[in-house]
2 protein chains.
Amino acid sequence: MTVSRFSLTISPMPSKKYHHGDLKNALIKAGVEILAKEGVSGLSLRKVAQRAGVSHSAPYAHFPDKQSLIAAISTEGFNQLYAELESAISSHSKNPKKQLIEGAKTYIRFAEENTDTFKIMFSGVLEKEKDYPSFVEISSKTFKLVVEVVQACQSAAILPAAPADLMAVSVWGQLHGIVSLALEGQVPHTVLDRHNIQEIVSFAIGQMTT
Amino acid sequence: MTVSRFSLTISPMPSKKYHHGDLKNALIKAGVEILAKEGVSGLSLRKVAQRAGVSHSAPYAHFPDKQSLIAAISTEGFNQLYAELESAISSHSKNPKKQLIEGAKTYIRFAEENTDTFKIMFSGVLEKEKDYPSFVEISSKTFKLVVEVVQACQSAAILPAAPADLMAVSVWGQLHGIVSLALEGQVPHTVLDRHNIQEIVSFAIGQMTT
DNA sequence: ACCTGAACACCGTTCAAGT
DNA sequence: ACCTGAACACCGTTCAAGT
């Protein structure tokens, strides 16, 4: 025991306060990791605190309640999704149809690679999303991105003339619905035997475009 | 105390075993009611038991765990949704386009009137749906209903020729996606100011049909 | 077969206290 | 300002026991 006490003195042990003034982000990161490892049902405030190396009540210095941490995780998820969509879309700035298809692929990939973050963003776990301004902001920014692509497609006569925001809900809804049904296991194997989600979405979007 | 013991003997008190051998269904019913009143986050096994008038451990005589009760509630929800869709569709057996539109309206109404049951059916709360045969059966029966309507529409040249199951995923995905985004508060007010969900879905399905 | 009550581990949240 | 530890109410699940 003398040894361990000694080592504690000369080199800081990981169980010390190593959140370098940024416990808030450390908690969000820990939450994302738990989500990836144990899923939505495995996400507890106490586990998040433990993984960040603080006591179970420390998170309350940064988040008023669990919902608030979930809002922060969802916001972080939306930020990442937005960045990936932005990148995919700006890679094909001269080709609206490609923007649509590659944007959809990016959305699908995000859902597949971050399944439980995606679920927490879109499956009603967050109950009063309107109370979290940064969540509302990034989600409406993301919607605007969809509107832009839709408008570009309309200008190129790839999508029919119609109010762009209405068309955007339609396109995003089509994409989101197929992805959601797939994550729920509601797409029958008779379809999945022949096509992956990307192909199903491509088919569906192909239906809407000319 | 003599009085209470006497009254217990001559007339059965409500706190006695009044689940007439059908506690299982009483628990499902209690679960649906709690879902409607307190939402998904308010649904606990202990509350369900209390509402059904039994001890907190009584449900374990009928369901191995909470997931299993959730599966039963979801199955019951699907049964109701199926019945309502069936009824709406058979009311317009000579008019495929009407079947599609009225089926969609029924789906939307079900989601709006049973929001939290709908969420529990489709939002990943049920984690191993494949383990519950009656859930799988009714959900695949419901999918077959969509396929039938799609085929009728294809025969009437209202939907383009394509594998009916693929087209069914597309149509259901479109409907489900818009409804899900709406329940999540992800449909911007700029759109909701002008159109309700029914109209948005009608627009989207109008896009797919000729 | 069906149900109860005690028990256990875990959870979200609060609060007095420490630095 | 940031964090800890005890405490409270609630939860899912197990189990010995009662009818």
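None of these values were measured; they are calculated from a predicted model. First the proteins, then the strands, lettered A, B, ... as listed; each starts at 1.
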In whole Å, I'd like the distance from the [atom1] atom of [X] to the [atom2] atom of [N].
X        : N      : atom1 : atom2 : answer
B:Lys24  : C:dA1  : NZ    : P     : 15 Å
B:Leu43  : D:dG12 : CG    : P     : 8 Å
B:Leu45  : C:dG5  : CG    : C1'   : 17 Å
A:Asp22  : D:dC2  : CG    : C1'   : 13 Å
B:Ile34  : D:dC10 : CD1   : C1'   : 14 Å
B:Glu127 : D:dG12 : CD    : P     : 14 Å
B:Lys66  : D:dT14 : NZ    : C1'   : 17 Å
B:Gln67  : D:dG12 : CD    : P     : 11 Å

As a test of reading the structure: which of [options] is closest to the side chain of [X], going by heavy atoms?
X       : options               : value
B:Leu23 : C:dC3, C:dC11, C:dT14 : C:dC3
B:Tyr60 : D:dC11, D:dT14, D:dT4 : D:dT14
A:Ala61 : C:dT13, C:dG5, D:dC2  : D:dC2
B:His62 : D:dC11, D:dT14, C:dC3 : C:dC3

So what's D:dG18 paired with, Watson-Crick or G-U wobble, going by both distances under 3.5 Å?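 Checking every strand shown, D:dG18 finds its partner in C:dC2, with both distances under 3.5 Å.
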D:dT13: pairing nucleotide in any strand, Watson-Crick or G-U under 3.5 angstrom: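 Its partner is C:dA7.
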Between B:Gln207 and A:Ser170, does any side-chain donor sit less than 3.5 Å from a side-chain acceptor?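 Absent: no donor and acceptor within the cut-off.
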Is it the case that A:Glu84 and A:Gln80 place a side-chain donor and acceptor less than 3.5 Å from each other?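 Distance-only check passes for A:Glu84 and A:Gln80.
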Do B:Lys105 and B:Glu102 sit within salt-bridge range, that is, some charged N less than 4.0 Å from a carboxylate O?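 Looking at B:Lys105 and B:Glu102, the cut-off is met.
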Contact check, side chains of A:Cys153 and A:Met167, non-hydrogen atoms, under 4.5 Å: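 No, too far: nothing below the 4.5 Å cut-off.
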Select base, sugar-phosphate, or nothing to describe what B:Ser57 touches, counting heavy atoms under 4.0 Å on all strands.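 Result for B:Ser57 = base.
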Would you kindly compare A:His56 and B:Ala58 by the position of their nearest DNA chain C nucleotide and give the one closer to the 5′ end?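 Per heavy-atom nearest nucleotide, the more 5' residue is B:Ala58.
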Side-chain N or O of A:Ser55 versus OP1/OP2 of D:dG5: is the shortest distance under 4.0 Å?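 For D:dG5, neither OP1 nor OP2 has a side-chain N or O of A:Ser55 closer than 4.0 Å.
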Side chain to side chain contact (heavy atoms under 4.5 Å, CB included) for A:Met208 and A:Val171? Distances and angles first, verdict last. CA-CA 8 Å; A:Met208 322 180 64; A:Val171 169; 3.9 Å; yes
